[in-house]
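To keep things clear, I will list the structure first and then write my remarks on it.
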Amino acid sequence: MLYDLKAKIEINQQLAASVYYLELSMASIPAKLKPGHFVHIRLMHTNDPLLRRPLSVNRIVERKIKNKIVKNIGIVYKIVGKGTHLLKEMAVGEEVDVLGPLGNGFNSNVLKPQQPIIMVSGGMGIAPLVFLAQKLIAAKSKKQITVFLGMDTKKNLILEEDFKKLGCAIQISTDDGSKGFKGYVSDCLEKYLSKTYTLNPKPYIYACGPKPMLKALGIVANKFDIPGQVSLDEMMGCGIGACLGCVVKTHDPKQEKDFVYKRICKDGPVFDINEIIWEE
Ligand SMILES: Cc1cc2nc3c(=O)[nH]c(=O)nc-3n(C[C@H](O)[C@H](O)[C@H](O)COP(=O)(O)OP(=O)(O)OC[C@H]3O[C@@H](n4cnc5c(N)ncnc54)[C@H](O)[C@@H]3O)c2cc1C
Ligand code: FES
């Protein structure tokens with residue numbers, strides 16, 4: 001079921017130079033909310049921007065208020081334009097309109113018992129992976145998770161501690177080499193896999209980040225024949241599959257056409273790592 005709810009800002013605090021953590025409380029959190037889902041946020045005090053802005057659910061937070069446990073939604077967002085700039089200006093106690101949960105979310109039913117998990121994030125792609133790690137670790141079977149965090153430079157690295165607290169192993173890469181591996185996170189993963197290629201069972205990859213990073217990651221995953229899912233980031237209009245403003249070319253499962261279009265907001269944002277036809 002789709003919720004369109006007013007949500008109160010509980011926290012809106014800076015994490016890095018242009019990155020903020022937003023925590024929202026609302027009447028209830030949709031029970032089916034899962035990692036990889038996103039919410040579409042509308043600023044109610046202005047019509048500019050008119051369109052909602054899609055942001056991934058970063059975590060579910062339990063808070064004790066007057067001896068009652070309430071669940072809030074945590075979001076991590078980067079300021080890139082008008083909508084996110086206005087969101088940053090909003091104060092605790094103010095309200096936004098939240099439509100969600102949207103998208104398909106990550107599928108964890110495909111994991112085999114004892115299968116090692118690799119998470120790969122580029123930039124703000126890190127946001128939904130914290131929620132995924134939380135859920136996988138809370139599940140009964142023991143999970144071994146290695147998280148590859150790719151960022152441009154050390155001072156912009158965020159959420160490393162959250163993964164550490166969950167017991168995940170961390171591999172860091174920065175484009176400028178200021179921390180960890182120097183270069184792209186896909187190259188960092190390739191180096192790691194070259195050393196651990198004999199892993200049995202093979203790991204499963206969950207990734208989120210900009211398209212060029214996911215494309216490079218797809219090549220690495222193919223080289224080592226590793227399965228996985230990628231979550232795509234795209235500019236969106238309606239967010240509910242109606243405007244066709246967010247389509248991506250995918251391989252035709254029936255192999256009758258050269259490609260079929262899928263809507264990132266409705267059929268995604270999570271796709272099989274081999275499903276996308278990368279064009280850039
Ligand atoms: C499913 C999904 C989940 C997302 N989750 C997060 C998240 O958790 N945290 C986060 O910080 N961001 C996330 N984003 C991206 C976020 O939606 C955009 O950064 C935001 O909508 C920008 O709004 P704005 O009004 O600030 O910028 P605008 O004024 O709309 O745009 C400013 C600039 O950013 C570019 N831009 C805008 N949106 C995107 C986009 N989606 N991809 C690439 N370039 C874009 C524009 O072309 C323009 O150059 C997500 C996007 C999608 C589709
Ligand atoms: S944003 Fe309208 S169909 Fe995806």
Side-chain angles (χ1 to χ4, degrees), residues 2 12-24 33-43 45-60 73-90 96-106 119 121-134 149 151-152 156-159 162 206-215 229-250 260-271 276 279-280:
L2 196 61
N12 197 8
Q13 80 186 18
Q14 194 169 22
L15 292 183
S18 56
V19 179
Y20 280 70
Y21 173 71
L22 176 75
E23 195 170 303
L24 301 172
L33 182 66
K34 70 173 186 173
H37 275 152
F38 66 96
V39 290
H40 225 187
I41 293 191
R42 185 167 65 81
L43 307 178
H45 63 288
T46 174
N47 285 328
D48 182 18
L50 189 63
L51 293 177
R52 292 171 181 272
R53 295 295 187 254
L55 293 170
S56 305
V57 177
N58 167 253
R59 68 192 67 207
I60 302 288
I73 286 183
I75 286 166
V76 175
Y77 67 95
K78 182 172 180 168
I79 300 162
V80 298
K82 194 160 197 173
T84 45
H85 179 78
L86 287 171
L87 188 58
K88 178 208 100 174
E89 299 295 313
M90 293 188 72
V96 292
D97 186 279
V98 172
L99 183 68
L102 297 172
N104 55 355
F106 290 107
M119 293 189 184
S121 77
M124 291 312 295
I126 194 171
L129 297 181
V130 173
F131 188 17
L132 180 62
Q134 268 185 345
L149 303 177
M151 202 45 94
D152 53 350
N156 291 337
L157 278 165
I158 48 165
L159 307 178
D162 296 74
Y206 290 104
C208 185
K211 275 192 195 151
M213 172 227 142
L214 296 178
K215 179 181 178 182
Q229 295 164 37
V230 293
S231 181
L232 301 192
D233 178 358
E234 186 56 81
M235 291 191 69
M236 285 187 179
C238 68
I240 52 170
C243 73
L244 303 184
C246 65
V247 292
V248 63
K249 277 185 184 173
T250 62
V260 286
Y261 280 119
K262 285 200 174 170
R263 299 157 300 179
I264 292 178
C265 66
K266 184 87 176 172
D267 308 310
V270 180
F271 296 89
I276 307 292
E279 293 188 295
E280 49 185 72

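Note that the numbering runs from 1 along the sequence shown for the chain. When a ligand or atom number is given, it counts from 1 through the structure's own listing order. Since we're looking at a predicted model, the values are computed, not measured.
Nearest protein heavy-atom contact of atom 30 (O) of ligand 1 is R53 NH2, 3.4 Å. Of all protein heavy atoms, the one lying nearest to atom 37 (C) of ligand 1 is M235 CG, 3.8 Å. Nearest protein heavy-atom contact of atom 3 (C) of ligand 1 is S56 OG, 3.3 Å. Atom 7 (C) of ligand 1 has its closest protein heavy atom at V76 O, 3.6 Å. Summary of contacts: the protein heavy atom closest to atom 42 (N) of ligand 1 is D233 OD1, 3.2 Å. Shortest contact from atom 28 (P) of ligand 1 to any protein heavy atom: G81 CA, 4.1 Å. Annotation: atom 32 (C) of ligand 1 to nearest protein heavy atom, V80 O, 3.5 Å.
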### Task
Go through the steps to decide whether D267 and T250 satisfy the test side-chain contact (heavy atoms from CB on, under 4.5 Å), and finish with yes or no.
CA-CA 11 Å; D267 308 310; T250 62; over 6 Å; no
### Task
Output, in order, the C-alpha distance, side-chain angles, deciding distance and verdict of side-chain contact (heavy atoms from CB on, under 4.5 Å) for L33 and F131.
CA-CA 11 Å; L33 182 66; F131 188 17; 4.3 Å; yes
### Message
Run the side-chain contact (heavy atoms from CB on, under 4.5 Å) test on L22 and L87 for me, step by step, so that the C-alpha distance in whole Å, both residues' side-chain angles and the decisive distance to 0.1 Å come before the verdict.
### Response
CA-CA 9 Å; L22 176 75; L87 188 58; 4.1 Å; yes
### Message
One pair to check against side-chain contact (heavy atoms from CB on, under 4.5 Å): D48 and K82. What are the steps and the verdict?
### Response
CA-CA 8 Å; D48 182 18; K82 194 160 197 173; 2.6 Å; yes
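With a 4.0 Å heavy-atom cut-off, ligand 1 is reached by the backbone of P54 and by its side chain too. At a 4.0 Å heavy-atom cut-off, ligand 1 does not touch N58 at all.
The two residues I158 and A16 have their closest heavy-atom pair at CG2-CB, 3.8 Å.
Taking a cut-off of under 4.0 Å to the non-hydrogen atoms of A127, the atoms of ligand 1 that pass are 8 (O). Using a 4.0 Å cut-off to heavy atoms of M236, the atoms of ligand 1 that qualify are 53 (C). Interface of K78 with ligand 1, defined as ligand atoms under 4.0 Å from a residue heavy atom, comprises 10 (C), 11 (O). Atoms of ligand 1 found under 4.0 Å from any heavy atom of T84 (numbered from 1 in listed order, with element): 24 (P), 25 (O), 26 (O). Of all atoms in ligand 1, numbered sequentially from 1 with element shown, those under 4.0 Å from a heavy atom of Y77 are 9 (N), 10 (C), 11 (O). Shown in contact with M124 at under 4.0 Å from a heavy atom are these atoms of ligand 1, numbered in order with element: 11 (O).
Atoms CG and CD1, from L232 and I276 in turn, are 4.5 Å apart once rounded to the nearest 0.5 Å. Between atom CE of residue M124 and atom CG of residue N156 there is a gap of 10.0 Å, rounded to the nearest 0.5 Å. Summarising the geometry, atom CZ belonging to R59 is positioned 6.0 Å from atom CG belonging to L159; distances are rounded to the nearest 0.5 Å. The CD1 atom of I264 sits 5.5 Å away from the SG atom of C246 when rounded to the nearest 0.5 Å. Distance SG/C243 to NZ/K266: 12.5 Å, rounded to 0.5 Å. Note that CD of E89 is 11.0 Å distant from OG1 of T84, once rounded to the nearest 0.5 Å.
Under the side chain to side chain contact (heavy atoms under 4.5 Å, CB included) criterion, S231 pairs with F106, C208, P269, V270, not counting sequence neighbours.
The option from L55, L102, L232 that lies nearest to atom 10 (C) of ligand 1, judged by heavy atoms, is L55. Of the candidates K211, E234, K82, it is K82 that places a heavy atom closest to atom 29 (O) of ligand 1.
Salt bridge annotation for D233-K211: absent, with no cationic side-chain nitrogen under 4.0 angstrom from a carboxylate oxygen.
By the definition of a contact as any protein heavy atom under 4.0 Å away, atom 48 (C) of ligand 1 is not in contact.
The N/O atoms of P49, backbone and side chain alike, include none that comes under 3.5 Å of an N/O atom in ligand 1.
Around atom 2 (Fe) of ligand 2, protein N, O or S atoms at a distance under 2.8 Å total 2; waters are neither shown nor counted.
The closest side-chain donor-acceptor pair between N12 and Y77 falls under 3.5 angstrom.
Checked against R52 for a side chain to side chain contact (heavy atoms under 4.5 Å, CB included), the options L99, I240, L43, V39 give a single hit: L99.
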